[in-house]
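The residues of the chain are indexed from 1 along the displayed sequence. Quick caveat, the model's predicted, so the values are computed rather than measured.
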Amino acid sequence: MPITQQRLHKIEFQALKNLASFTLDIEHNNVTGIFGINGCGKTSIIYSLLCLFKPTESDPTRRDFKFSQFFTHTTHSRFVGSSFKITHSFRQDTPTTTNPNATTVNNNVERQYLKADRWKPRYGDRPQRDVYFIGISSCVPEIELEKSESLIRLTTTNLTDTLSTTIRQKAEIVLNRQYTEYNSHDYNARNKKFIGVRHNNISYSSLSMGAGEQRTFKILDTVIRAKNYSLIIIDEIDLTLHTEALNRLIEIIVEIAIEKKLQIIFTSHREELTQRTDINIRHIHQIGAQTICFNETNPDCISRLTGNQIRPLEVFVEDDLADVTVQKVIEELEIRRHCSIKKYGAINNSFSLATGIFLKGENLANILILLDGDNYRTEPERMKQIKKYLSGTEATADHNRTKALACIKQLILPADTAPEVFINNAIRQLADNTEVSNAALSINAATDKHDFVNRIVNILGYQDKTQGLIKVVAKLATTTEWAVYTQELRDWLNERIRILQLAG
């Protein structure tokens, strides 16, 4: 029974090379970027992803990726004990005598992959999906691979079909140059094919292309020609492209991925891409034998795990609003020079970060990871979350998790209330006829909770969002709710001031 409309939700690694006990979630956006320093396991992740599926019956010529291609037996390793699990969804034909066109939607199906004497499940038992791979070898210019030193006779065909025209037009956008033709060149003597273009009235094949131009066409050709719901893996997408061209390429593949319901996963070292909001950002970090994945975070958080604490007190926050809130409190306490503030992004990163710092053996007493207060409000909820990152069943496991959780505090919010809604309501109640409270009073509904604060900033006319947030938080600090809202943060800071004798 054919399987269609495959979607991968997550992959949970128990053990694979240096990957251990972590989950890679690829939900939300259709395009996912995997970042991390050399040796953190990015390549192992994409190799494992390639081997999850077998080609669809509709295209038996699609390349069949096998674990033995990427995890080859050597005298050093046979990969025995490797184990990981995926969660995926798909639609499957389930015809009956009364309904020959019936289908079944299979949501959140789990499938285990492991290696004992051999990899399981067998290749014939894998689920079906078209998978495409663009590896680093696509960066090597064709001329460096060509052995012939005599005249190469090429037969040229101008590609004018709809897909080829789209590839040419998208390449023009990425590379910021105009092509009047997109061609296929047959090297009949060697049974080879090369792509080619015409630019500035000069026609040339990929044998004369630079690595960046060649790879751009390769990526676009793969993405545009891929079947709907395919999985496309790109190793080191940033190689050979400068930042502006790379961002234009990302914009295009995001657009196509949404249109065709593709899932595209790439690795990269280009930290500029982590500022994008239209792709999933996944940072992989290794601490000893533990692998930690950070979602939607910035390089500062990762660099902290590889560096040292500079100021005696260190506070990690979710976003810009929390950052400005902490700044206001430490300025009130006159300890700005003693504190550093860094953003960790999505809330689940708080547990990854606490785990990472704990595993490094650092003193957690002077580190605070601050939650916004609208999620994981209770200790049992937090313990449940940190078990996902700081695993183990040994006698000391719960004690270790409790120690790691000790550095996590929260801003105090009313139940079921977002920070932005709380702040807006608190300022509205002032009704002091100032421009900030009047702006808050003018906002009666919003489609996004963040707009209850962001629209105040916009109404006030601040081009710099941070300056606008400083104005909003300064007004919040005049309300009666301010002391309760910041109580856990303030108590922790006052305790550290006393112990470290930071006052004065």
Side-chain angles (χ1 to χ4, degrees), residues 22 283 285-288 290-373 375-379 381-383 385-391 396-412 486-503:
F22 92 103
H283 271 103
H285 186 68
Q286 296 283 345
I287 299 180
Q290 178 83 39
T291 306
I292 299 175
C293 181
F294 292 86
N295 297 345
E296 319 306 339
T297 191
N298 59 43
D300 287 344
C301 185
I302 305 302
S303 64
R304 169 59 184 86
L305 286 175
T306 58
N308 296 312
Q309 186 172 343
I310 299 173
R311 296 182 179 180
L313 300 182
E314 195 165 22
V315 182
F316 292 88
V317 297
E318 291 188 37
D319 53 25
D320 291 335
L321 179 56
D323 186 336
V324 172
T325 299
V326 173
Q327 287 191 50
K328 178 63 176 173
V329 173
I330 63 178
E331 286 167 4
E332 290 175 349
L333 297 175
E334 298 185 346
I335 54 169
R336 186 69 184 86
R337 65 191 182 280
H338 299 305
C339 296
S340 65
I341 306 172
K342 296 182 177 67
K343 291 188 282 290
Y344 60 78
I347 187 171
N348 285 334
N349 290 333
S350 63
F351 304 102
S352 300
L353 183 60
T355 299
I357 294 173
F358 173 78
L359 291 174
K360 282 188 70 181
E362 293 194 27
N363 178 13
L364 294 175
N366 297 327
I367 297 173
L368 175 66
I369 300 174
L370 189 66
L371 307 185
D372 280 355
N375 288 296
Y376 308 131
R377 293 162 59 94
T378 67
E379 287 300 318
E381 288 178 309
R382 296 178 195 175
M383 180 61 74
Q385 291 302 312
I386 204 163
K387 282 182 178 179
K388 298 177 181 179
Y389 304 93
L390 193 53
S391 57
T396 59
D398 280 339
H399 175 69
N400 290 339
R401 285 189 278 265
T402 299
K403 288 179 64 177
L405 280 175
C407 66
I408 297 181
K409 306 294 182 183
Q410 66 184 350
L411 296 167
I412 307 300
T486 59
Q487 179 181 336
E488 282 197 19
L489 167 64
R490 195 179 300 271
D491 288 349
W492 182 84
L493 288 170
N494 280 323
E495 179 70 3
R496 302 325 299 164
I497 291 170
R498 182 186 66 81
I499 292 174
L500 300 177
Q501 300 181 344
L502 298 178

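The shortest heavy-atom contact between L364 and A404 is CD1-CA, 3.9 Å. Between S350 and I408 the shortest heavy-atom distance is O-CD1, 4.1 Å. What you find for P312 and L502 is that their closest heavy atoms are CG-CD2, 4.4 Å. What you find for R382 and R377 is that their closest heavy atoms are NH2-O, 3.6 Å. Minimum heavy-atom separation, D398 to M383: O-CE, 4.4 Å. Here the shortest heavy-atom pairing between F316 and I357 reads CE1-CD1, 4.2 Å.
Atom CG of L489 and atom CG of N494 lie 9.5 Å apart (nearest 0.5 Å). Atom CZ of R490 sits about 10.0 Å away from atom CD1 of I497, to the nearest 0.5 Å. Once rounded to the nearest 0.5 Å, the distance linking NZ of K387 with CZ of F351 reads 13.0 Å. Note: I386 CD1 to S391 OG = 11.0 Å, rounded to the nearest 0.5 Å. Note that CD1 of I367 and CH2 of W492 are 8.0 Å apart. Values are rounded to the nearest 0.5 Å. Here Q410 contributes atom CD and T378 contributes atom OG1; the two are 9.0 Å apart, rounded to the nearest 0.5 Å.
The existence of a salt bridge linking R498 and E495 is confirmed by a sub-4.0 Å separation between a basic side-chain nitrogen and an acidic carboxylate oxygen.
Counting only heavy atoms from C-beta outward, the side chains of Y376 and N348 approach each other to under 4.5 Å. In this structure the side chain of L371 never reaches within 4.5 angstrom of the side chain of N375, judged on heavy atoms. Taking 4.5 Å as the limit, some side-chain heavy atom of L313 sits within range of a side-chain heavy atom of L500.
Here Q487 pairs with D491 under the side chain to side chain contact (heavy atoms under 4.5 Å, CB included) rule; sequence neighbours left out. Remark: Q290 pairs with no residue by the side chain to side chain donor-acceptor pair (under 3.5 Å) rule, at least two apart or across chains.
Within the 3.5 Å criterion, the main-chain N or O of L390 finds a donor-acceptor partner in the side chain of R401. A distance-only check finds a donor-acceptor pair linking the side chain of Y344 to the backbone of L370 [under 3.5 Å]. Between the side chain of E318 and the backbone N or O of D372 there is at least one donor-acceptor pair closer than 3.5 Å. Checked by atom type and distance alone, the side chain of R336 pairs as donor or acceptor with a backbone atom of C339 at under 3.5 Å.
Residue N366 is tested with R311, E314, R496 for a side-chain hydrogen bond (donor to acceptor under 3.5 Å, both in side chains); the sole match is R496.
Environment of NZ in K409: sparse, with no more than 12 heavy atoms of neighbouring residues, nucleotides or ligands closer than 6.0 Å.
Within the structure, salt bridge (Lys or Arg N to Asp or Glu O under 4.0 Å) contacts touching residues 345-356 (residues at least two apart or in different chains) do not occur.
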Inset, instruction - Please report the C-alpha distance between N349 and Y389 in whole Å, then the side-chain angles of each, then the deciding distance to 0.1 Å, and finally whether the side-chain hydrogen bond (donor to acceptor under 3.5 Å, both in side chains) criterion is met. - result: CA-CA 10 Å; N349 290 333; Y389 304 93; over 6 Å; no
